[in-house]
Number of protein chains: 2
Amino acid sequence: MERTTRTPSRHPAVAPTLADVAERAGVSRQTVSNAVNNPDLLRGDTLARVQAAIVELGYVPNRAARNLRTRASHLIGLRMSPVQEGTANAAMDRFVHSLVWTSREAGYHVLLFSGEGPDPLEGYDDLLRSTAVDAFVVTDTYLGNPQATWLRERRAPFVAFGRPWGDDDAKHPWVDVDGAAGTEQATTHLLDRGHTRIAWIGWRKDSFIGEDRRAGWSRALRERGHSTTGLASRVEDTVWSGREASAVLLDEANPSAFVCASDTLAMGVLHTLAERGLHPGRDIAVVGFDDSQVAQVVHPGLTSVRQPLEEVAIAVVRSLEDLLATPSYVGEGLLLTPTLTVRGSS
Amino acid sequence: MERTTRTPSRHPAVAPTLADVAERAGVSRQTVSNAVNNPDLLRGDTLARVQAAIVELGYVPNRAARNLRTRASHLIGLRMSPVQEGTANAAMDRFVHSLVWTSREAGYHVLLFSGEGPDPLEGYDDLLRSTAVDAFVVTDTYLGNPQATWLRERRAPFVAFGRPWGDDDAKHPWVDVDGAAGTEQATTHLLDRGHTRIAWIGWRKDSFIGEDRRAGWSRALRERGHSTTGLASRVEDTVWSGREASAVLLDEANPSAFVCASDTLAMGVLHTLAERGLHPGRDIAVVGFDDSQVAQVVHPGLTSVRQPLEEVAIAVVRSLEDLLATPSYVGEGLLLTPTLTVRGSS
DNA sequence: GATCGGGTTTGGATCGATCCAGAAGGGGCC
DNA sequence: GGCCCCTTCTGGATCGATCCAAACCCGATC
């Protein structure tokens, strides 16, 4: 394979190839490949010579060629869930950040794709079969969750952020945050501050995540011998719903504190308090969930359960590495504990 | 090239190749390739036959092979800027969403990479030289902006979201939002509501973006013959700074309304109002910038300038397509006008 | 009937890396 | 010295698509 018609390798317009480096260093192509991927195989002086040539030419391996040969892309697919305006959900953003950062350390990049449209599986299939990505990270494992089932059937490698709710025979790796532990912390925190009538505003009963978070609240209250009756409300995840629910609860159940399944709902509570001239933290305590930007900047600061998304990302990437290294890898689940960020609202 | 040792093509574990499709359809490889990429070149019946074979085998072109041959990856690189906790910046999230969505329509995917660490150019170089991405979208073109300069020198294709501030001979395509027009709208809106003493809280003077937004405020006031003296404050982009600045302005300049360079600063104003028992919207009007989630969920709703990020993404992708289609493409700039979302705070 | 031209179709070469089997090189051991 | 072994290095084949130049087909033209 002669390169006679090619511009000299010093010319920056054409990227140098492995063959160029080999010629420069006076070794074969395979030796250069080894210098890059298995330096241990080379004798010290040869390695030094090859590395010098690599630096001189500014050689960087061509990904497409490598991907073709190794049948791997070193890309992780992540589907962007549809935007929800009017909610305070910043969790996704933080998670993506952590994931990108952690993946980089493991030699992977994150490929975003859009899953909007009627079919949530749209996109997964193409990316998988065109070998565009090595694996997926699946984030919204709410009830039913078609992606996980579908991916499992295709024997596609993936790790889920979120438990396989209601699917006990699911055998894929997943990482999740113990929501119940979070709301239990929040409730205990309020009990320690002297509150006894602590209300819950959560999501509709068909949300596994919502019921999990609710369980933490009721567990904490019952453990200390306090009642939960009449103190719970289950609504949609909107500010408006939180506002309505808190208004009703204030009128009918006389709570001195609220624990909410999301910062969005907690903001609804703050609306009600503002309308009634009540001061959050002083008159009524409020705790949210997610530690979103909203919780951080609102007056007087919203106490909120913070998910350890950095750790989630680390665990996800670790699972991913295991999964890709061992095709027969049996999925494991990992549950991480959130922390409570206390601010002015409690 | 015989495939005798291979499992039958019906076996789903091995992805069918173009050669398999060709054999099935009784045509050559090139014909299949044309059926996929240039259907016009085929006679009707041949095309139908090939397409049938493609469907039967479930053929999807292998990206790595295509990328290698065409020297293109159909990936767009986007660097994630470092997270800023405690600010209300949701703009990035919305933009990424729109970009992913728009790119998909143009046949591109978005590759995220992390730019944390001392060198902001870290990552760009590797991705570019390893032909991992075809182009970049550069987002933070604040002052100086080393990426743009560096990328231009490398003749790397990129489109910037943000003007090349203070660099008049920059000849790359960019898309930006007319911040001054946004704050001018906001100020005019307040003037129309009867306010005359309208204060400004913005960023430090070395921020081009901040000065641009400030210009809109002062222009609107001067056009209607109102004074700006003593009514402007320039601080860091934090809630705390906004709180301090608004407290000082209230004491010394007696404004009835605030226009802010960001929702973060506007939240600071809301803090001050809450502390003084003043009601936003009723006693003092407040306008923010970015229409973040915070603005949407806070009580009683924060009026805010909303950037048309969907349109920005569309324009960015369009520029990118031109750029990649015509290597000699001369960069153009495009300035889009934001809108004002009016809520309870004004 | 042979030639021409166009739209179609073909097979070989190629992109740049890695896999693989085998060939040098250099000691150690009998 | 000869043999064997282990480390180090080599060159051909390969991954799966596209580029390219040439061959094919078939009706229109002379």
Side-chain angles (χ1 to χ4, degrees), chain A residues 1-6 9 14-51 53-54 57-74 126 129-132 134, chain B residues 1-6 9 14-50 53-54 57-74 129-132 134:
Chain A
M1 190 212 306
E2 292 303 318
R3 290 187 163 279
T4 47
T5 59
R6 200 179 207 244
S9 38
V14 178
T17 71
L18 180 139
D20 297 329
V21 177
E23 193 185 351
R24 175 89 166 206
V27 296
S28 74
R29 303 190 318 277
Q30 181 62 53
T31 303
V32 179
S33 177
N34 284 336
V36 174
N37 300 310
N38 302 84
D40 306 343
L41 293 177
L42 299 203
R43 210 170 42 205
D45 58 334
T46 315
L47 180 59
R49 198 149 36 96
V50 174
Q51 283 175 335
I54 288 176
L57 297 176
Y59 168 72
V60 178
N62 180 306
R63 295 237 189 196
R66 172 178 287 183
N67 293 350
L68 174 59
R69 194 62 178 99
T70 62
R71 299 168 171 284
S73 65
H74 282 268
D126 281 351
R129 304 173 73 170
S130 64
T131 67
D134 290 347
Chain B
M1 191 212 307
E2 292 303 317
R3 290 186 163 280
T4 49
T5 60
R6 198 178 209 246
S9 38
V14 179
T17 72
L18 182 139
D20 297 330
V21 177
E23 195 185 350
R24 175 89 165 206
V27 296
S28 74
R29 301 190 321 276
Q30 181 62 53
T31 302
V32 179
S33 177
N34 284 336
V36 174
N37 300 308
N38 301 84
D40 306 344
L41 294 178
L42 300 203
R43 210 172 42 205
D45 57 334
T46 315
L47 179 59
R49 198 150 36 96
V50 175
I54 288 177
L57 297 176
Y59 167 72
V60 178
N62 180 305
R63 297 239 189 195
R66 172 179 288 183
N67 293 350
L68 173 59
R69 195 64 180 96
T70 63
R71 298 168 171 285
S73 66
H74 282 268
R129 303 173 73 172
S130 64
T131 66
D134 290 347

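Per chain, numbering begins at 1; letters A, B, ... match sequence-line order.
- Counting to the nearest Å, the P atom of dC25(D) and the CG atom of L42(B) are 17 Å from each other.
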Review point. Which letters describe nucleotides 18-27 of chain C, given B = protein heavy atom under 4.0 Å from base, S = only from sugar-phosphate, - = neither?
Key: BBB-------

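- Put simply, CZ on R129(B) is 15 Å from P on dG16(C), counting in whole angstrom units.
- Every residue two or more places apart in sequence or in another chain was checked for a side-chain hydrogen bond (donor to acceptor under 3.5 Å, both in side chains) with R69(A), and none qualifies.
- Rounded to an integer number of Å, the gap from CD of E23(B) to P of dG16(D) is 14 Å.
- Side-chain N/O atoms of T31(B) include none lying less than 4.0 angstrom from OP1 or OP2 on dT8(C).
- Note that CG of N62(A) is 6.0 Å distant from CG of L68(B), once rounded to the nearest 0.5 Å.
- With sequence neighbours excluded, the residues that form a side-chain hydrogen bond (donor to acceptor under 3.5 Å, both in side chains) with D45(B) are R43(B).
- Residues that satisfy the side chain to side chain contact (heavy atoms under 4.5 Å, CB included) test with S33(A), not counting sequence neighbours, are L18(A), Q30(A), N37(A).
- Comparing D40(B) and L68(B) along DNA chain C, the residue whose closest nucleotide (by nearest heavy atom) sits nearer the 5' end is D40(B).
- Among pairs with a residue in residues 58-68 of chain A, none fulfils salt bridge (Lys or Arg N to Asp or Glu O under 4.0 Å), at least two apart in sequence or across chains.
- Distance H74(A) NE2 to dA17(C) P: 15 Å, rounded to the nearest Å.
- If one axis is set at each end of the helix from dG1(C)-dC30(D) to dC30(C)-dG1(D) from five pairs, those axes are 60° apart, to 10°.
- Residues passing the side-chain hydrogen bond (donor to acceptor under 3.5 Å, both in side chains) test with R129(B), sequence neighbours excluded: D125(B).
- Side-chain contact check for V21(A) versus R24(A): every heavy-atom pair is 4.5 Å or farther apart.
- The side chain to side chain contact (heavy atoms under 4.5 Å, CB included) test applied to N38(B) returns N34(B), L41(B), not counting sequence neighbours.
- R71(B) has its CZ atom 18 Å from the P atom of dA17(D), to the nearest Å.
- At least one side-chain nitrogen or oxygen of S28(B) sits closer than 4.0 Å to the OP1 or OP2 atom of dT10(C).
- The CG-C1' distance, from L41(B) to dG6(C), rounds to 13 Å in whole Å.
- If you measure from atom CZ of R63(B) to atom C1' of dC15(D), you get 17 Å, rounded to the nearest angstrom.
- Every residue two or more places apart in sequence or in another chain was checked for a side-chain hydrogen bond (donor to acceptor under 3.5 Å, both in side chains) with T70(A), and none qualifies.
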